[in-house]
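Given the structure is predicted, the values throughout are model-derived calculations rather than measurements.
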Amino acid sequence: MTDGQGMLELMSIRQSERRYIDKPVEKEKIERIAEAGRLSPSACNGQPWRFIVVDEPALRLDVAAATESKVLNMNSFVRQAPVLIVIVREKSNFSSRAGDKLKSRDYSLIDIGIATASMAYQATAEGLGTCIIGWFDEKKIKEILGIPKSKKVELVLSVGYTENTLRKKTRKPSSEIVSHNRY
Ligand SMILES: Cc1cc2nc3c(=O)[nH]c(=O)nc-3n(C[C@H](O)[C@H](O)[C@H](O)COP(=O)(O)O)c2cc1C
């Protein structure tokens, strides 16, 4: 990765995968994905997260069902994924929370996004497909997994092998989103 291309290559092949094949994911791969989350940066190093790896079939299907909306035709693919990682937002440390107040920010939510992205890219590096899921019934997931009421479930990451081909990325052109020295 010394030529500066490695990360961009990884980013160009990560895409939201919404079809998974029936192939189990190796435990070591899941451990390394969770490790990528653990190593992520966070405001004041608050690490306001807990990653729940859900791979028990019955439990996993219950969580998948809690992400699905039949009316909006959303997330029915989640049930195919052999592993779901539920990302829970924990209370951050004192400094980060003080920063939130002083700067009117929500640093821990930013931290959660970074950790989730790190895990998604590690999964890509492992040859796995993922989809970040932000649409779900939080109350149901909390009940299913015994997550205390005081915590927040922020995202679910579906993980599995896929045979999908790469789609062309739909992104704004850099001329629209990158500027130099001024807005
Ligand atoms: C915070 C967040 C929430 C998302 N929630 C969902 C979701 O509930 N269901 C889904 O199918 N995709 C979801 N996505 C995936 C986005 O639709 C996808 O990343 C975006 O369209 C860009 O496509 P790509 O990931 O294939 O590059 C979510 C992505 C993010 C970052």
[X] side-chain N/O to [Y] backbone N/O, donor-acceptor pair under 3.5 Å:
X      : Y      : answer
Asn93  : Cys44  : yes
Tyr20  : Glu17  : yes
Ser174 : Val178 : no
Lys142 : Lys151 : yes
Lys29  : Glu126 : yes
Ser158 : Cys131 : yes
Asp100 : Tyr107 : yes
Arg14  : Glu9   : no

Cluster link [X] to [Y], ILVMFWY, side chain under 4.5 Å:
X      : Y      : value
Val53  : Val156 : no
Leu157 : Val83  : yes
Leu59  : Ile141 : yes
Ile33  : Ile132 : yes
Phe51  : Leu155 : yes

Could you pull out all residues at least two apart from [X] that satisfy side-chain contact (heavy atoms from CB on, under 4.5 Å)?
X      : value
Glu163 : Ile21
Glu28  : Glu26, Arg32
Lys139 : Asp137, Glu143

| said: Would Ile144 and Val54 count as a side chain to side chain contact (heavy atoms under 4.5 Å, CB included) here? Give the steps. | reply: CA-CA 11 Å; Ile144 296 163; Val54 185; over 6 Å; no
Side-chain heavy-atom pair [X], [Y] within 4.5 angstrom cut-off:
X      : Y      : value
Val159 : Ile85  : yes
Lys27  : Asp55  : yes
Arg167 : Ser16  : yes
Val78  : Phe136 : no
Ile114 : Ser118 : yes
Leu109 : Glu154 : yes
Ile87  : Val153 : no

| query | In terms of side-chain geometry, is the basic nitrogen of Glu68 or Arg79 positioned less than 4.0 Å from the acidic oxygen of its partner? | reply | yes
Find the distance between [atom1] ([X]) and [atom2] ([Y]) and round it off to the nearest 0.5 Å.
X     : Y      : atom1 : atom2 : result
Gln80 : Thr162 : CD    : OG1   : 9.0 Å
Asp3  : Leu8   : CG    : CG    : 9.5 Å
Arg18 : Gln15  : CZ    : CD    : 9.0 Å
Lys23 : Leu128 : NZ    : CG    : 8.5 Å

| Which atoms form the tightest heavy-atom contact between Asp111 and Pro41, and what is the distance? | OD1-O, 4.5 Å
| task | Compare every heavy atom of Gln122 with every heavy atom of Ala36, then report the nearest pair and how far apart it is. | result | CB-CB, 3.6 Å
Tell me, please, which residues at least two apart from [X] pass side-chain hydrogen bond (donor to acceptor under 3.5 Å, both in side chains).
X      : result
Ser92  : Ser96
Gln47  : Asn45
Asp106 : Arg89, Ser108

| query | Hey, mind stepping through Phe77 and Arg19 against side chain to side chain contact (heavy atoms under 4.5 Å, CB included) and telling me if it holds? | reply | CA-CA 6 Å; Phe77 69 90; Arg19 239 177 318 142; over 6 Å; no
| task | Could you please spell out the steps behind the side chain to side chain contact (heavy atoms under 4.5 Å, CB included) verdict for Arg97 and Lys91? | result | CA-CA 8 Å; Arg97 282 184 285 127; Lys91 198 171 176 182; 3.4 Å; yes
| request: Verify the neighbour count for atom NZ of Lys169: are there more than 12 heavy atoms of other residues, nucleotides or ligands below 6.0 Å? | output: yes
| Could you walk me through whether Trp49 and Thr116 pass the side chain to side chain contact (heavy atoms under 4.5 Å, CB included) check? | CA-CA 10 Å; Trp49 46 55; Thr116 305; over 6 Å; no
